[in-house]
Amino acid sequence: MTRLLFTILFCVTVLSLSAQEDSYFTIGAGYPLIIGTGNNDDSHYYYSSNDSKYSVFLEKELQLLNKLPELRLTPGFSYTQINEKYDLSALGGGGTGNYEHNALSTYLKFVYKIDRNPYMITDFYFGIHAGYYIHSKTTGSKSSWQVNYDSDEGHYSNYEEFDTDGKDFFHSNYIGIVLGFRPLGDADYFFQPNIEFGLYPAFATVNSYYASREGKKSMFQISVSVGLGNKSGNTSTE
């Protein structure tokens, strides 16, 4: 609860800064892709973390300095869901696992906007994206079996369901680099589409035996969003 209250207070403080605005707020959705979790050469083993996942977010971009309008600070909230599953089958044993990871985070983007010319189509930006998880959760199940010649049944099995926090997967925070562009540039439209690419090193620790041997995994995400509101940030700063 303390973390949540601190996060809300922090975001409200940032949003209350006397800064120029590009839009009232921005809503969007992202497609996260965990890097380096492809199947190995073992035909008896299957693992995937990229079959079902998504993220949605709400943010607000602020112009901090009138004399340097290219610098922008963007606070926001994000909800992410990533599913994992694996299936191992061999002569001596096997197992399956299904995991659903959910997380709510707050974040800040500090970006530099390349505003080529006023009202010119397509503006670009790049910067840093850092976030902190307010809440995370992992649910699912896993099972395994193994041959046991000393047993009358010939094998033994194990089944486990779990409902825990998601820190083992998501950790407690993340940081990455982002690159984006706005197809309409500074044109004065109520809807402002935006496309963004992000790369986040050591984003998650997966539940695959083969992949986990390499440690934490990075994540690549492509996001599409729409800014809603006027372009009051286009006022003169001279």
Side-chain angles (χ1 to χ4, degrees), residues 1-17 25-37 47-62 72-86 97-111 127-142 161-180 194 196-208 211-212 214-225:
M1 181 61 69
T2 302
R3 292 179 178 177
L4 178 59
L5 292 176
F6 175 79
T7 301
I8 293 175
L9 178 62
F10 175 73
C11 288
V12 170
T13 301
V14 172
L15 291 175
S16 65
L17 292 174
F25 60 88
T26 298
I27 56 175
Y31 184 80
L33 179 67
I34 305 297
I35 302 173
T37 57
Y47 171 84
S48 175
S49 62
N50 296 316
D51 288 345
S52 177
K53 70 279 187 188
Y54 66 90
S55 68
V56 292
F57 55 89
L58 173 68
E59 62 185 28
K60 183 177 181 68
E61 184 179 275
L62 302 172
R72 304 298 175 99
L73 180 67
T74 305
F77 290 93
S78 175
Y79 174 79
T80 302
Q81 181 183 105
I82 298 176
N83 292 342
E84 292 182 286
K85 60 182 178 181
Y86 67 83
N98 290 278
Y99 302 81
E100 181 179 290
H101 309 286
N102 300 273
L104 176 65
S105 67
T106 181
Y107 62 82
L108 285 174
K109 295 178 185 176
F110 187 74
V111 303
I128 297 174
H129 181 184
Y132 177 81
Y133 291 108
I134 304 172
H135 175 74
S136 63
K137 186 176 184 179
T138 293
T139 58
S141 64
K142 62 180 179 180
E161 293 184 350
F162 39 85
D163 186 345
T164 64
D165 65 63
K167 291 182 180 179
D168 288 342
F169 181 82
F170 284 111
H171 313 142
S172 60
N173 54 68
Y174 57 91
I175 188 169
I177 55 175
V178 293
L179 171 67
N194 184 74
E196 181 177 284
F197 303 93
L199 179 63
Y200 304 85
F203 179 79
T205 299
V206 300
N207 289 285
S208 163
S212 292
E214 302 173 11
K216 300 176 180 179
K217 293 299 175 181
S218 300
M219 187 265 285
F220 172 80
Q221 178 169 273
I222 179 171
S223 304
V224 178
S225 59

J.: Might you point out which heavy atoms bring V224 and F57 nearest each other, and give the distance in Å?
T.: O-CZ, 4.4 Å
J.: At their closest point, which heavy atom of T80 faces which heavy atom of S78, and how far apart are they?
T.: OG1-OG, 3.8 Å
J.: What's the verdict on side chain to side chain contact (heavy atoms under 4.5 Å, CB included) for E161 and T139, showing C-alpha distance, side-chain angles and the deciding distance?
T.: CA-CA 8 Å; E161 293 184 350; T139 58; over 6 Å; no
J.: May I have the step-by-step check of side chain to side chain contact (heavy atoms under 4.5 Å, CB included) for Y86 and K142, ending in yes or no?
T.: CA-CA 9 Å; Y86 67 83; K142 62 180 179 180; 3.9 Å; yes
J.: According to side-chain contact (heavy atoms from CB on, under 4.5 Å), who are the partners of L179, at least two apart in sequence or on a separate chain?
T.: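 Only F126 meet the side-chain contact (heavy atoms from CB on, under 4.5 Å) criterion with L179.
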J.: Is any side-chain heavy atom of T138 less than 4.5 Å from a side-chain heavy atom of D163?
T.: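 Not touching, per the 4.5 Å side-chain cut-off.
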J.: Indicate yes or no for a side-chain donor-acceptor contact from S225 to the backbone of G28 under 3.5 Å, with no hydrogens or angles considered.
T.: no
J.: Drop me the distance from L108's CG to L62's CG, to the nearest 0.5 angstrom.
T.: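 CG of L62 is found 9.5 Å from CG of L108.
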J.: Considering only NZ, NE, NH1 and NH2 on the basic side and carboxylate oxygens on the acidic side, decide whether K109 and E196 come within less than 4.0 Å.
T.: yes
J.: What I want to check is whether the side chains of Y99 and N83 have a donor and an acceptor closer together than 3.5 Å.
T.: no
J.: For T74, which residues count as a side chain to side chain donor-acceptor pair (under 3.5 Å) partner, sequence neighbours excluded?
T.: none
J.: Any donor and acceptor pair, going by atom type alone, linking the side chain of S223 with main-chain N or O of F197 inside 3.5 Å?
T.: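 No, because the side chain of S223 does not come within donor-acceptor range (under 3.5 Å) of the backbone of F197.
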J.: Can a donor-acceptor pair be found between the side chains of N98 and E100 at a distance below 3.5 Å?
T.: no
J.: If I compare all heavy atoms of S218 with all of P201, which pair ends up nearest, and what's the gap?
T.: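 Taking every non-hydrogen atom into account, OG-CA, 3.3 Å.
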J.: Carefully, step by step, assess F77 and Y107 under the rule side chain to side chain contact (heavy atoms under 4.5 Å, CB included).
T.: CA-CA 6 Å; F77 290 93; Y107 62 82; 5.6 Å; no
J.: Got S136 and F170 here, is their nearest side-chain heavy-atom distance under 4.5 Å?
T.: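 Yes, close enough: below the 4.5 Å cut-off.
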J.: Which heavy atom of Q221 sits nearest to which heavy atom of S55, and what is that distance?
T.: OE1-OG, 3.0 Å
J.: Under the side chain to side chain contact (heavy atoms under 4.5 Å, CB included) rule, what do I27 and F25 come out as? Steps first, then yes or no, please.
T.: CA-CA 7 Å; I27 56 175; F25 60 88; 3.8 Å; yes
J.: Tell me if the centroids of the rings in Y133 and Y174 come within less than 6.0 Å of each other.
T.: yes
J.: Can you check whether I128 reaches V178 side chain to side chain, under 4.5 Å on heavy atoms?
T.: no
J.: Do V206 and F169 come within less than 4.5 Å of each other through their side chains, counting heavy atoms only?
T.: yes
J.: Can you confirm whether P75 sits close enough to E59 that some side-chain heavy atom of one is under 4.5 Å from a side-chain heavy atom of the other?
T.: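 Not in contact.
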J.: To the nearest 0.5 Å, what is the distance between CG on L199 and CZ on F220?
T.: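 Rounded to the nearest 0.5 Å, the CG-CZ separation comes to 8.0 Å.
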J.: Can you find a heavy atom in the side chain of I175 that is under 4.5 Å from one in the side chain of Y200?
T.: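 No, every pair of side-chain atoms sits at 4.5 Å or beyond.
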J.: State the NZ-CG distance between K60 and L73, to the nearest 0.5 angstrom.
T.: 12.0 Å
J.: Distance check, rounded to the nearest 0.5 Å: K217 atom NZ versus I34 atom CD1?
T.: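 Taking NZ in K217 and CD1 in I34, the distance rounds to 10.0 Å.
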J.: Distance alone, cut at 3.5 Å: any donor-acceptor contact between the side chains of Q81 and H101?
T.: no
J.: Looking only at heavy atoms, which two atoms of M219 and I35 are closest? And how far apart?
T.: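 Where M219 meets I35 most closely, the heavy atoms are C-CD1, 4.3 Å.
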